[in-house]
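Some notes on the structure that comes next.
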Amino acid sequence: MSIFVIILLVIAVAAAAFLIWKNRDDFSQKSLEPEPEDIRVPPLLRGINYLLSDKPDRALQEMVHVAKIRSESAEVYMALGEMFRSQGEYGRAVRIHQNLLARPDMPPELHFQAYVSLGRDFQAGGLLDRALKHYAKALAIQPDHLASLTACLRIREQSHEWDEAEWLVSRLEQIENQSYHEHRAYLKAEMAHAAMEQGDLSLCESLAIEAIKLSPSCTHAYLLRIQLLIQEGKAKQASEQAHAFLQQVKPEHHTLLPEVLMKEEAFYRKHGEDFLWDAWQQRHDIEVGVRWIEEVSKAFGKAQGLKLKDKLSLTNLSLRHELRLAALNDAEDNLVQQAKYWRLSMKLYACKHCGVQVHDMRWQCPKCNTWGSMEPLQGSHVFGEEQHVTP
Ligand SMILES: [Zn+2]
């Protein structure tokens, strides 16, 4: 409660000082004759007292009273709503902002702010439809309000409403006059993925191609296109696309290729295996090698994984890579058992922007919302040193 109370006290003192300054003439001339307006300060102080004694409902009641008496106190009221939201008290924050909107004397600027705040309250409380409704009201007043547009974009992305998300990205592109090509490419790739899940392969293909055109380094779109070509039996084109993948996407994402090349065993045996072997000989990318061994173990059994491990004869491995390989063994010894346990709970990817770590690959960072920023954790540290997001 300490920060909350300190902030509130600062606001209260500032509000009280403002009211006293505003009424300095009244105090000198009519101090014996209290004006009706002087009753403004007591409810505010009473509100603070209630807050200090942990009675937020009574505090709110007093604040409502303050806000009704005087229009400039609406800002105090607004700040109180923000504080309730930051404390996770979404219901109270909503009540405050709704009360503000119900006031007949609200200046238009505060009306707009109250809609934005209600959008944030509902978004924070997980009521996304209601959040969108209030952001829409704010955007009807200020169509280029960046914070509202960005908030709507997060909600659409969270809800996998990719068309609406793309429309919002186009709006942001216009308003900010900067390129969102990478972002749009990842949205198109998500649309392609959804089309694939629904069995609409031609739509999937055209969307994946569109995504690659928007951003030639869009990893997700490449992988979908390779998968699609393999499914359609177009082996030569699939290999060409896999080659383009290694040329175009960032090396940290190369580790995602083996899994896709193994989706169809016939393709893998005939083409994928040789392709990965050539790539291995050219680059000796340890992360790709370890991942290849893991994926072979998963798809075709541990014996084949260990055979590949011997073939690749990896050297100078980090502790992290050693443990991942140890977890593939069946031996009963303690280290192998510990490695298996560790492998199940370890984080594999980290966001290069905000450092958040996750277990499974994600195309959009769950913390900073950047697209394509997740990269495999390599280094020698075995446990993450930074922040974690539970998958
Ligand atoms: Zn991030």
Side-chain angles (χ1 to χ4, degrees), residues 1-15 18 43-103 106-142 145-159 168 354 356 365-369 387 389-390:
M1 155 149 147
S2 56
I3 295 175
F4 184 50
V5 169
I6 290 167
I7 298 171
L8 200 59
L9 279 173
V10 170
I11 293 174
V13 169
F18 174 75
L44 186 60
L45 293 178
R46 273 204 302 276
I48 305 293
N49 273 334
Y50 282 128
L51 264 175
L52 287 171
S53 48
D54 248 352
K55 291 176 183 162
D57 282 324
R58 295 296 299 273
L60 180 58
Q61 216 176 344
E62 293 299 336
M63 294 299 181
V64 172
H65 187 49
V66 179
K68 275 181 185 157
I69 295 166
R70 222 184 148 81
S71 65
E72 56 268 31
S73 59
E75 278 160 24
V76 176
Y77 205 42
M78 192 73 91
L80 190 68
E82 303 292 313
M83 280 186 284
F84 273 126
R85 187 195 318 123
S86 70
Q87 293 292 304
E89 303 242 25
Y90 308 126
R92 288 204 172 99
V94 164
R95 279 206 321 268
I96 286 187
H97 294 128
Q98 281 175 337
N99 275 334
L100 271 175
L101 277 173
R103 284 172 47 166
M106 268 276 280
E109 173 54 24
L110 280 180
H111 237 97
F112 165 76
Q113 274 182 32
Y115 282 134
V116 175
S117 296
L118 274 168
R120 287 181 181 145
D121 299 338
F122 285 123
Q123 187 175 9
L127 296 170
L128 302 183
D129 283 344
R130 297 186 73 178
L132 284 172
K133 213 170 91 185
H134 286 91
Y135 286 131
K137 286 181 183 173
L139 287 166
I141 300 171
Q142 265 188 47
H145 188 241
L146 280 178
S148 295
L149 287 168
T150 308
C152 289
L153 177 60
R154 296 289 159 258
I155 294 175
R156 297 299 188 182
E157 287 177 341
Q158 206 180 331
S159 317
L168 286 158
C354 70
V356 78
C365 172
K367 185 159 185 263
C368 70
N369 305 307
Q387 321 151 57
V389 162
T390 310

Considering non-hydrogen atoms only, spot the tightest contact between Val356 and Cys365 and give its length. CG1-SG, 3.5 Å
Gap between atom CG of Leu132 and atom CG of Leu139 - 0.5 Å precision: 10.0 Å
Smallest separation among heavy atoms of Tyr115 and Leu101, with atom names: CE2-CD1, 3.7 Å
Nearest 0.5 Å, please: how far is NE2 in His97 from CG in Leu110? 10.0 Å
Would you mind reporting whether Leu100 and Ser117 have side-chain heavy atoms less than 4.5 Å apart? no
Distance col, row Ser148:OG vs Ile141:CD1, nearest 0.5 angstrom, shows 10.0 Å
Do the side chains of Tyr135 and Gln123 get nearer than 4.5 Å, heavy atoms only? yes
For the NZ atom of Lys137 and the NE2 atom of His134, what is their distance to the nearest 0.5 Å? 4.5 Å
Stepwise, does the side-chain contact (heavy atoms from CB on, under 4.5 Å) test hold for Val116 with Arg120? CA-CA 6 Å; Val116 175; Arg120 287 181 181 145; 3.7 Å; yes
Give the minimum heavy-atom separation between Ala124 and Tyr90, together with the two atoms involved. CB-CE2, 3.4 Å
Give, for atom CG of Leu80 and atom CZ of Arg92, the distance between the pair rounded to the nearest 0.5 Å. 10.0 Å
Heavy-atom closest contact (Arg85 atom, Ala93 atom, distance): N-CB, 3.9 Å
Starting from the C-alpha separation in whole Å, work towards a yes-or-no answer on side-chain contact (heavy atoms from CB on, under 4.5 Å) for Glu109 and Gln142. CA-CA 10 Å; Glu109 173 54 24; Gln142 265 188 47; 4.3 Å; yes
I need the minimum non-hydrogen distance between Gly119 and Ala131, along with the two atoms involved. O-CB, 3.4 Å
Closest non-hydrogen atoms of Cys354 and Lys367, given as atom of the first, atom of the second and distance, are SG-CB, 3.9 Å
Could you walk me through whether Arg130 and Leu118 pass the side-chain contact (heavy atoms from CB on, under 4.5 Å) test, one step at a time? CA-CA 9 Å; Arg130 297 186 73 178; Leu118 274 168; over 6 Å; no
Just wondering, do Phe84 and Val94 contact through their side chains at under 4.5 Å, heavy atoms? no
Using the ring of each side chain (for Trp, its six-membered ring), is His145 parallel, tilted or perpendicular to Phe112, with breaks at 30° and 60°? perpendicular
